[in-house]
Amino acid sequence: MKLSKSYIPTLKEVPNDAIIPSHILMLRAGLVRMLSAGIYSFLPLGYKVIKKITQIIREEMDAIGGQEFHLPALNPKEIWEQTNRVEAFGDTMFHIKNRDYVLAPTHEEIMTYHAKGTLKSYKDLPQTWYQIQTKFRNEARPRSGVIRGRQFLMKDSYSFDSSWENLDASYSLHDKAYRKIFERCGLKFFVVGASSGAMGGNKSEEFMVKSDAGEDTVAYCEKCGYAANVEVAQSNIESVARNSESKEIYEISTPNIHSIDELCEFLKIHEQETAKSRVYMHNEKPVLVLMSGNDEVNETKLANALGGQVRPCHPDELKEITGADAGSIGPIGFSHRIIADLRLKDGNNLYSGANKNDFHIGGIDLKRDVPKIEYFDLRSICSGEKCTRCGNHLEVFKAIELGHIFKLGTKYSEALEANFLDEKGEAKPIIMGSYGIGVERVMACYIEQNFDEKGIIWSKLLSPFDLHLIGLNMKNEMIVSASNEIYEKLKAAGYDVLFDDRKDFSAGVKFNDADLLGIPIQIIVGEKNLKENKLEVKLRRTGEKFIIDRNQLEQKISEFQSMI
RNA sequence: CGGGGUGUGGCUCAGCCCGGUUAGAGCGCUUGGUUCGGGACCAAGAGGUCGGUGGUUCGAAUCCACUCACCCCGACCA
């Protein structure tokens, strides 16, 4: 492709709206343009990369027996009502105004619809069906460029099995395929166990990459590979020590003291001597949650511990239930259920609120004074804490979810009555798995992990072109004819070449554009080298430059290709 | 949905507080010329209903109200 005839609108300056590196570079390198919040057009260069990624995905899905579908984005609402997911998705689902259609946010229903009545016997199973298709979700707040959009490309596959053991096999095939896909894409990733949320089903794993632009916070142990979302990662920190002597409880006047920090400062005590109170409504009943010091309640853990719905109490409810405002609440005299974080187990000589504004109570012995207390793991773990599995230090950081694999079970097959007959002739719901990959996220995450101050650094497999040929001074007849000849030769040898044949640009512009676009190998045709029948080759990633003989170009290129 | 911010030529921004000729700069673009290995130079040009609507005023990019769009933080999120 000749650059002079290409639509690759590069930007010299950083666009105002972009913050994270991948977003900035995708705009600057002319890969994408925004149409509206969370809605992006892929320009020719960006779309070439998308096609490389989807090709890798396709190959690995086909390798595990996947069969590619192309499904409609426009779906009858009725199908989604049968599985109760119109309600489950709520405002996240786009609804068509002038007909009872929705825009599909995923495709469990539609795949199951096709399975119904056609996968009739255990002999028809297993099946793995997939598609690479645009999904629509009315995200409340699109962000980070292409990473969280209202419209995005997703590879989603669905497995149909006749037994749970066979589902395990399908799941494990996907697990292996996903690892291959992300490895081939050149991503540094890790895998965490996760809760499957609104998808239904039980076991699931997320494929993640570490990134400040991530929306999940995970705990990761480099030593043993343990990784978990902080919402569920077990806390492994020691309990506060129990003093040998328990003091009596006593009331302290603490005017205008609301936070733990203020309390510690006021009483000259350590944070660990305090128990912070939070009141939640659990199934319409108040529950007092005690945390050590400034530890925050992890509401996911709380909900898991109690089961059912949990929400923090409103300020007016607090007053009604405890007689005090937030900042002065405590376990002594609290007449409803009381639970505490494990870190407080059997603690004594603690300070907490008095359920009376401007007063706290000291000398609390949870064992003696709160006999009905129950303990749960309720706090989020922090960087530096010990791994529950191997004892090494855990790291806590943000991460982006690239892919997610679920063992769905029979939720959809039951709702849509997709049954098969087993060996005994009994009708049973098909056992399903569901597996997704965010295609744009793969691209954005790759860039997040592979760029420098000049621009993107593509790998051989994802690069939109194999080679970037630069004719420096295209008003020099010698360079024009030499670079054109090289261009034709490389194309004939099967390379996909981007040829910067632009007449009116100085060398600096061409070099900078080449570094911005990030094609792994640059071939530079300049006057001085050409006079000696030589060319320069530059490797984008390392910046290394090589002067080579012109007649050895093809041989050298194939050597460089194996180096990158 | 809550909080904060921004909207002026294709891009980055100044001007706004304190209203007053013809709304500016750099980059990009067009034409001609010079230059030609790290974002060149000279000259001449094109390009803007100052996000929108309404109001205040003799007069609004500038003040007021409403509204829309986009960004960031939070809530939410298969």
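Each chain gets a letter, A, B and so on, in the order the sequences are listed, and its residues count up from 1. Since the structure is predicted, the reported quantities are computational estimates derived from the model, not experimental observations.
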CD of A/Glu317: more than 12 outside heavy atoms within 6.0 angstrom?
yes
Rounded to whole Å, how long is the line connecting atom CE of A/Met478 with atom P of B/G37?
11 Å
For the C1' atoms, the ones on B/A23 and on B/C64, what distance do you get once it is rounded to whole angstrom?
23 Å
Work out how far the C1' atom of B/G74 is from that of B/C11, and round it to whole angstrom.
31 Å
Ignoring the backbone of A/Lys545, work out which of B/G39, B/G38, B/U35 is nearest its side chain.
B/G38
Choosing from B/C72, B/G39, B/C36, which nucleotide comes nearest the side chain of A/Ile19?
B/C72
Check the distance between B/C72's C1' and A/His23's NE2 and give it to me in whole angstrom.
13 Å
The nucleotide from B/C70, B/C11, B/C29 with an atom nearest the side chain of A/Glu13 is B/C11
Does any nucleotide pair with B/U56 by Watson-Crick or G-U wobble geometry, both distances under 3.5 Å, and what is it?
none
Rounded distance in Å between the C1' positions of B/G20 and B/G59
7 Å
Rounded to whole angstroms, how far apart are NZ on A/Lys12 and P on B/C13?
15 Å
Determine the interatomic distance between C1' on B/U8 and the same-named atom on B/G24; round to the nearest Å.
10 Å
Complementary nucleotide of B/G2, counting Watson-Crick and G-U pairs under 3.5 Å
B/C73
By nearest atom, which of the nucleotides B/C70, B/A75, B/G37 is closest to the A/Ala37 side chain?
B/C70
P gap between B/G45 and B/U6, integer Å
37 Å
Strictly by Watson-Crick or wobble contacts shorter than 3.5 Å, is anything paired with B/A61, and which nucleotide is it?
none
I need the NZ-P distance between A/Lys503 and B/A40, as an integer number of Å.
20 Å
Among the nucleotides B/C70, B/G74, B/G39, which one has an atom lying closest to any side-chain atom of A/Arg143?
B/G74
Whole-Å gap separating P (B/C27) and CG (A/Asp504)
17 Å
Report the nucleotide, chosen from B/G38, B/A75, B/C77, that has the shortest atom-to-atom distance to any side-chain atom of A/Ala140.
B/A75
A/Asn529 side chain: which of B/C29, B/G37, B/C71 is closest?
B/G37
When the distance from CG of A/Leu27 to P of B/C71 is rounded to whole Å, what number comes out?
11 Å
Under 4.0 Å between a side-chain N or O of A/Arg141 and OP1 or OP2 of B/C73?
yes
Anything under 30° is parallel, anything over 60° is perpendicular, the rest tilted; go ahead and classify A/Phe190 against A/Phe397.
perpendicular
Taking only Lys NZ, Arg NE, NH1 and NH2, and the carboxylate oxygens of Asp or Glu, determine whether A/Asp295 and A/Arg278 approach each other closer than 4.0 Å.
no
Salt bridge or not for A/Glu532 and A/Lys528, using N-O below 4.0 Å?
no
What distance, rounded to whole Å, do you find between the two P atoms, one in B/U35 and one in B/C71?
47 Å
Is a donor from one side chain sitting under 3.5 angstrom from an acceptor on the other, for A/Asn533 and A/Asn551?
no
Could you check A/Pro142 against A/Ile479 and say which one's nearest nucleotide on RNA chain B is further toward the 5' end?
A/Ile479
A/Val14 vs A/Lys528, nearer the 5' end of RNA chain B by closest nucleotide
A/Val14
Counting heavy atoms from C-beta on, name the nucleotide in B/C36, B/C29, B/G39 closest to the side chain of A/Asn512.
B/G39
Proximity to the side chain of A/Asp17 - top-ranked nucleotide from B/U12, B/G39, B/C70:
B/C70
So, are A/Lys155 and A/Glu60 salt-bridged, with charged N and O less than 4.0 Å apart?
no
Under 4.0 angstrom, heavy atoms only, what part of the nucleic acid is A/Asn476 near: base, sugar-phosphate, or nothing?
nothing
Say you pick atom C1' in B/G15 and the same atom in B/G9; how far apart are they, in whole Å?
15 Å
Would you say the rings of A/Phe546 and A/Phe560 are close, in the sense that their centroids are separated by under 6.0 Å?
yes
With a 3.5 Å limit on both atom pairs, tell me what B/A43 is paired to, counting Watson-Crick and G-U wobble, or say none.
B/U31
Can you tell me the pairing partner of B/G9 across any strand shown, Watson-Crick or G-U wobble, with both distances under 3.5 angstrom?
none
Under 3.5 Å on both distances, the Watson-Crick or G-U partner of B/G38
none
Using the C1' atom on both, measure B/C13 against B/G28 and round to a whole Å.
14 Å
Base, sugar-phosphate, or nothing: which does A/Glu536 touch, judged by heavy atoms less than 4.0 Å apart?
base
Atom CD1 of A/Ile147 to atom C1' of B/C72: distance rounded to whole Å?
15 Å
Decide whether a cation-pi geometry holds between A/Lys510 and A/Phe505; the criteria are a distance under 6.0 Å from NZ or CZ to the six-membered ring centre and an angle within 45° of the ring axis.
no
Considering only B/G37, B/G38, B/C71, which nucleotide approaches the side chain of A/Lys538 most closely?
B/G38
Base-pairing mate for B/U49 - Watson-Crick or G-U, with both contacts under 3.5 Å:
none
Should A/Asn16 be listed as having a side-chain N or O under 4.0 Å from OP1 or OP2 of B/C13?
yes
Between A/Ser36 and B/C70, is there a contact of a side-chain N or O with OP1 or OP2 at under 4.0 Å?
yes
